[in-house]
Amino acid sequence: MRKVKYAIIGAGTSGLTAMSYLQQLGEDFVLIQGGAYGTTCARVGCMPSKAMIHAANHYYQRNHFAELGIEKGEQLNVDLPKVLQRIRQLRDRFTGGVKKNSTDGLSAEQLIEGFAQFVGPNQLEVNGEIIQAERIILANGSRPVVPQAWQVIGDKLWTSDDIFEQTDLPKRIAVIGLGVIGLELGQALARLGVEVTGIEMQNTLGGLTEPALIELAVAEFSKEFTVHLGQAAEVCLNPENQEEVAIRLGDKTIYVDAVLASLGRRSNIDNLNLAAAGIGVDARGMPPFNVHTMQIMDRPIFIAGDANGYRPILHEAGDEGRMAVLNAVSYPQIQSFARKVPLGVAFSDPQIALIGQRYADCVGEQTLSVTFPLSCANGRAIVMGQDKGAICLFADKQSKKLLGAELFMADAEHLAHGLAWMLQQQMTVAQWLRMPFYHPVLEEALQSALRQLARQLYPEQSNWLAAELSPLE
Ligand SMILES: Cc1cc2nc3c(=O)[nH]c(=O)nc-3n(C[C@H](O)[C@H](O)[C@H](O)COP(=O)(O)OP(=O)(O)OC[C@H]3O[C@@H](n4cnc5c(N)ncnc54)[C@H](O)[C@@H]3O)c2cc1C
Ligand SMILES: NC(=O)c1ccc[n+]([C@@H]2O[C@H](COP(=O)([O-])OP(=O)(O)OC[C@H]3O[C@@H](n4cnc5c(N)ncnc54)[C@H](O)[C@@H]3O)[C@@H](O)[C@H]2O)c1
């Protein structure tokens, strides 16, 4: 049996963030990594998906050249094998960079290759070796949800783990699940010339909850690919042609060449045998843990990143790795950390951004909301041909502070950051309106929405000309 002070399970963003702190402190640790190196983000997640979207969006622009007076755009072609090859080259560059700066520098004692599982309260087993660790960080990520019944279609069933490995793309793909992954990759595939059928069992897409934005988004995406909402699909091989997949949607059958399952991701926590550590799980298979400390019960065991399923996105995985390692080091002293304002961006076009609380969770007597369409006098959006979207802001009537925002607009990623940063400062709507807004920029749409909100929140305020200025103290 090997004894160590710290064991980290998983060399993803979360685990590596935790490890870098232990390295700085010169602590005694092991990093246990099962599966491929280089992190989910760089290998099969954020980065290859953005590389595909980038190529797809460039190619798609050809459809709009004529209206700008630029000729022969329709003569452009896409070389799909080259597009896919470039994605893999970029992926290798990103994963190579991650490895060089993290696991490549570890000694044979520090890095253990293999899948860990608990065999006792503080004991892990990897490849038959027992590791006794005083403090343990579980950062073993998540994997795509794939229904067992869909396996009958064999290699025609893809997830985000497979799509970037393809050397070419077929004519027709069904993208099932129009959350973030389905929307980003579904639109990219459509823009690269694939005939895409998008299927989502809820009556929304990309996580939007505000009805006007959902309607706008469905209308926009439907121009590029077929969108079926409110229906769960059944998948099998076409009995008459085993080369084809048959998707059953109610009484409709759609035939495609491949299926991209983007139905969500589930935690890998189930491969750790938590029961052997004396840790129970809830109905979703998750152990009890504190989102402000990352600690599981009162144990010297911490859970961070996608593994805990709380906010499965990259910057949160990094933050949770930090919280987990700070508390692992200070254990039994445990510090609670405030969570940052929730921020999510889907890199579709237009983008979707969700900041703070969700609209659906806030609607009620105490909430005021405004939805401002970009076509309504945002000059920059109109010039760019990007005036299809809208901004929805919602605020608490009493405190006059924003609760959150949902955006469906071009380049929402930037405005979303401004909104998240300001939301975290807990400013009132009047304070926001005293910030500078340049012209002509998309941010002026935020200014317009804030003005509409302010008029309802401050009915007593008669002089808005002055209210947007701060008196010199
Ligand atoms: C297609 C896609 C696009 C995405 N795009 C974005 C984006 O644009 N922006 C964003 O913020 N987020 C995005 N994400 C989410 C982001 O990639 C994840 O939230 C983040 O990578 C999670 O990091 P992690 O450290 O928790 O897990 P991971 O990076 O998955 O690391 C966990 C590691 O643990 C290993 N492991 C599992 N079980 C064991 C075990 N028992 N023993 C040892 N090792 C084990 C796994 O093999 C894995 O290598 C995307 C995800 C996907 C799939
Ligand atoms: N830009 C980003 O930040 C980004 C991009 C990609 C992924 N991610 C991360 O990856 C995670 C997983 O992404 P995802 O898109 O797979 O999950 P998701 O939870 O966002 O969306 C999954 C969708 O599939 C639908 N669905 C489930 N089963 C279905 C069925 N049988 N038929 C039809 N629809 C079905 C769900 O209703 C849901 O809308 C996200 O939660 C996010 O944290 C982030």
Side-chain angles (χ1 to χ4, degrees), residues 7-18 31-50 52-53 98 103 112-118 124-126 138-147 149-150 159-161 163-164 174-186 198-208 228-235 247 249 260-273 303-318 320-321 343-348 351-354 413:
I8 299 172
I9 304 178
T13 303
S14 200
L16 293 177
T17 305
L31 174 68
I32 307 165
Q33 164 62 7
Y37 287 89
T39 77
T40 289
C41 171
R43 204 170 52 78
V44 290
C46 329
M47 301 321 294
S49 60
K50 302 314 157 299
M52 180 178 267
I53 290 166
V98 171
T103 42
I112 302 176
E113 289 193 1
F115 285 88
Q117 60 167 335
F118 281 95
L124 299 163
E125 180 267 324
V126 198
L138 314 179
N140 64 327
S142 63
R143 61 184 184 274
V145 170
V146 184
W150 294 14
T159 66
S160 48
D161 284 354
I163 190 158
F164 308 115
V175 176
I176 309 188
L178 295 177
V180 204
I181 294 183
L183 201 54
E184 288 187 354
L185 295 182
I199 300 165
E200 166 58 52
M201 67 182 185
Q202 297 185 62
N203 284 309
T204 184
L205 33 72
L208 286 169
H228 297 276
L229 293 187
Q231 278 175 306
E234 284 173 49
V235 170
I247 314 277
L249 263 187
L260 175 68
S262 41
L263 309 171
R265 293 178 66 84
R266 66 170 295 184
S267 166
N268 287 329
I269 203 73
D270 56 350
N271 72 20
L272 289 176
N273 190 23
I303 180 166
D306 279 19
N308 68 38
Y310 178 58
R311 290 185 183 173
I313 44 177
L314 185 97
H315 68 278
E316 297 283 2
E320 291 180 358
L343 168 64
V345 179
F347 294 86
S348 51
Q351 294 181 344
I352 288 173
L354 308 175
E413 61 187 272

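Remember, it's 1-based here, ligands and their atoms both numbered in the order they're listed.
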*asked:* I want to check something: taking the side chain as every heavy atom from C-beta on, are F115 and V126 in contact at a cut-off of under 4.5 Å?
replied: no
*Numbered atoms of ligand 1 (with element) below 4.0 Å of G141, judged on heavy atoms*: 27 (O), 30 (O), 32 (C)
_Residue-ligand contact E316/ligand 1, heavy atom below 4.0 Å_ = no
_Heavy-atom closest contact (G321 atom, A304 atom, distance)_ = N-CB, 3.8 Å
*Starting from atom 1 (C) of ligand 1, locate the nearest protein heavy atom and write down its residue, its atom name and how far away it is, to 0.1 Å.*
V44 O, 3.5 Å
*Residue portion contacting ligand 2 (non-hydrogen atoms closer than 4.0 Å) for E184*: side chain
_Any N or O of G15 closer than 3.5 Å to N or O of ligand 1_ = no
*Should you measure from each heavy atom of G12, which atoms of ligand 1 turn up under 4.0 Å away?*
25 (O), 28 (P), 29 (O), 31 (O)
*At a 4.0 Å cut-off, with the gap strictly under it, does some heavy atom of R265 reach an atom of ligand 1?*
yes
*Under 3.5 Å, N or O to N or O, is T13 touching ligand 1 that way?*
yes
*So between G45, C46, S49, A18, whose heavy atom ends up nearest atom 16 (C) of ligand 1?*
C46
*Of the backbone atoms (N, CA, C, O) and the side-chain heavy atoms from C-beta on, which set of P144 has a member under 4.0 Å from an atom of ligand 1: side chain, backbone, both, or neither?*
neither
*Any N/O pair I181/ligand 2 closer than 3.5 Å*: yes
*To the nearest 0.1 Å, how far is atom 28 (P) of ligand 1 from its closest protein heavy atom, and which atom is that?*
T40 OG1, 3.4 Å
_For K50 and F347: C-alpha separation, side-chain torsions, deciding distance, then whether side-chain contact (heavy atoms from CB on, under 4.5 Å) applies._
CA-CA 8 Å; K50 302 314 157 299; F347 294 86; 3.1 Å; yes
_Contacting atoms of ligand 2, where contact means under 4.0 angstrom from a heavy atom of V345_ = 1 (N), 2 (C), 3 (O)
*Minimum non-hydrogen distance to atom 46 (C) of ligand 1, winning option of G10, A42, G34*: G34
*ligand 2 contact by G344, heavy-atom criterion under 4.0 angstrom*: no
*asked:* Contact between Y37 and L16 at the side-chain level, heavy atoms closer than 4.5 Å - yes or no?
replied: no
*Drop me the distance from E125's CD to I32's CD1, to the nearest 0.5 angstrom.*
10.0 Å
*Under 4.0 Å from ligand 1, counting heavy atoms only, is it the side chain of F347, its backbone, both or neither?*
side chain
*asked:* Would you say that V180 contacts I352 through its side chain, given a criterion of any heavy-atom pair below 4.5 Å between the two side chains?
replied: no
_Check: H315 N/O within less than 3.5 Å of ligand 1 N/O_ = no
*Heteroatom distance test (S142, ligand 1): nitrogen or oxygen, under 3.5 angstrom*: no
*Short list, please: which atoms of ligand 1 are under 4.0 Å from a heavy atom of P312?*
15 (C), 19 (O)
*From P312, G177, G230 - option closest to atom 41 (O) of ligand 2 by heavy atom*: P312
*Residues that N273 engages under side chain to side chain contact (heavy atoms under 4.5 Å, CB included), provided they are two or more places apart*: Q117, A275, A276
*Looking at ligand 2, does any of its N/O atoms fall within less than 3.5 Å of an N/O of A232?*
no
*State, with a plain yes or no, whether a side-chain heavy atom of P144 is found less than 4.5 Å away from one of R265.*
yes
*Touching ligand 1 at all, G321? Heavy atoms, strictly under 4.0 Å?*
no
*Could you say whether the N/O atoms of R265 and ligand 2 ever approach to under 3.5 Å?*
no
*Do the side chains of L185 and F164 get nearer than 4.5 Å, heavy atoms only?*
yes
_Please determine whether the number of non-hydrogen atoms from other residues, nucleotides or ligands lying under 6.0 Å from atom CD of E234 exceeds 12._
no
*Between L263, L314, L229, flag the one that comes closest to atom 26 (N) of ligand 2 by a heavy atom.*
L263
_Among F164, F115, F118, which one puts a heavy atom closest to atom 40 (C) of ligand 1?_
F115
*Show which atoms of ligand 2 fall inside a sub-4.0 Å distance from at least one heavy-atom site of S262.*
16 (O), 22 (C), 23 (C), 24 (O)
*If you measure every N/O of M201 against every N/O of ligand 2, is any gap under 3.5 Å?*
yes
*Between T204 and L229, is any pair of side-chain heavy atoms under 4.5 Å apart?*
no
_Pairs of nitrogen or oxygen atoms closer than 3.5 Å, one from A116 and one from ligand 1: do any exist?_
yes
*What atoms in ligand 1 come closer than 4.0 Å to a heavy atom of K50?*
5 (N), 7 (C), 8 (O)
*Is the shortest N/O to N/O distance between L178 and ligand 2 below 3.5 Å?*
no
*Out of E200, E413, K50, whose heavy atom is nearest to atom 36 (C) of ligand 2?*
E200
*State whether the shortest distance between N or O atoms of L272 and N or O atoms of ligand 1 falls below 3.5 angstrom.*
no
*Please determine which of D270, D306, T40, T159 meets the side chain to side chain donor-acceptor pair (under 3.5 Å) test together with R143.*
D270
*If you measure from each non-hydrogen atom of I176 to ligand 2, which part falls under 4.0 Å: side chain, backbone, both or neither?*
side chain
*Give yes or no for whether the N/O distance cutoff of 3.5 Å, strictly under, is met between E184 and ligand 1.*
no
_Contact atoms of ligand 2, heavy-atom distance to F347 under 4.0 Å_ = 1 (N)
*Do N268 and ligand 1 have an N or O pair less than 3.5 Å apart?*
no
*Could you tell me which atoms of ligand 1, counted from 1 in the order shown, lie closer than 4.0 angstrom to a heavy atom of S14?*
25 (O)
*For G114, the ligand 1 atoms whose distance to one of its heavy atoms is below 4.0 Å*: 42 (N), 43 (C)
*Relative to the heavy atoms of I313, which atoms of ligand 2 are at a distance of less than 4.0 Å?*
3 (O), 43 (O)
_Checking contacts here: is it the side chain or the backbone of A36 that comes within 4.0 Å of ligand 1, counting heavy atoms only? Could be both or neither._
backbone
*Considering I163, N140, T159, D306, which one's heavy-atom position lies nearest to atom 22 (C) of ligand 1?*
D306
*Using a 4.0 Å heavy-atom cut-off, say whether L314 meets ligand 1 through its side chain, its backbone, both or neither.*
both
*Looking at side-chain heavy atoms only, is the closest gap between T103 and V98 below 4.5 Å?*
no
*Check whether any side-chain heavy atom of L263 lies under 4.5 Å from a side-chain heavy atom of W150, and answer yes or no.*
yes
*Looking only at distances, please establish whether an N/O atom of ligand 1 is found under 3.5 Å from an N/O atom of S160.*
no
*Is ligand 1 under 4.0 Å from a heavy atom in the side chain of I181, in the backbone, in both, or in neither?*
side chain
*Give the numbers and elements of all ligand 1 atoms closer than 4.0 Å to a heavy atom of G305.*
26 (O)
*Which atoms of ligand 1 sit under 4.0 Å from any heavy atom of I9?*
40 (C), 42 (N), 43 (C)
*asked:* Can you confirm, on distance only, whether ligand 1 has an N/O atom lying under 3.5 Å from any N/O atom belonging to N271?
replied: yes
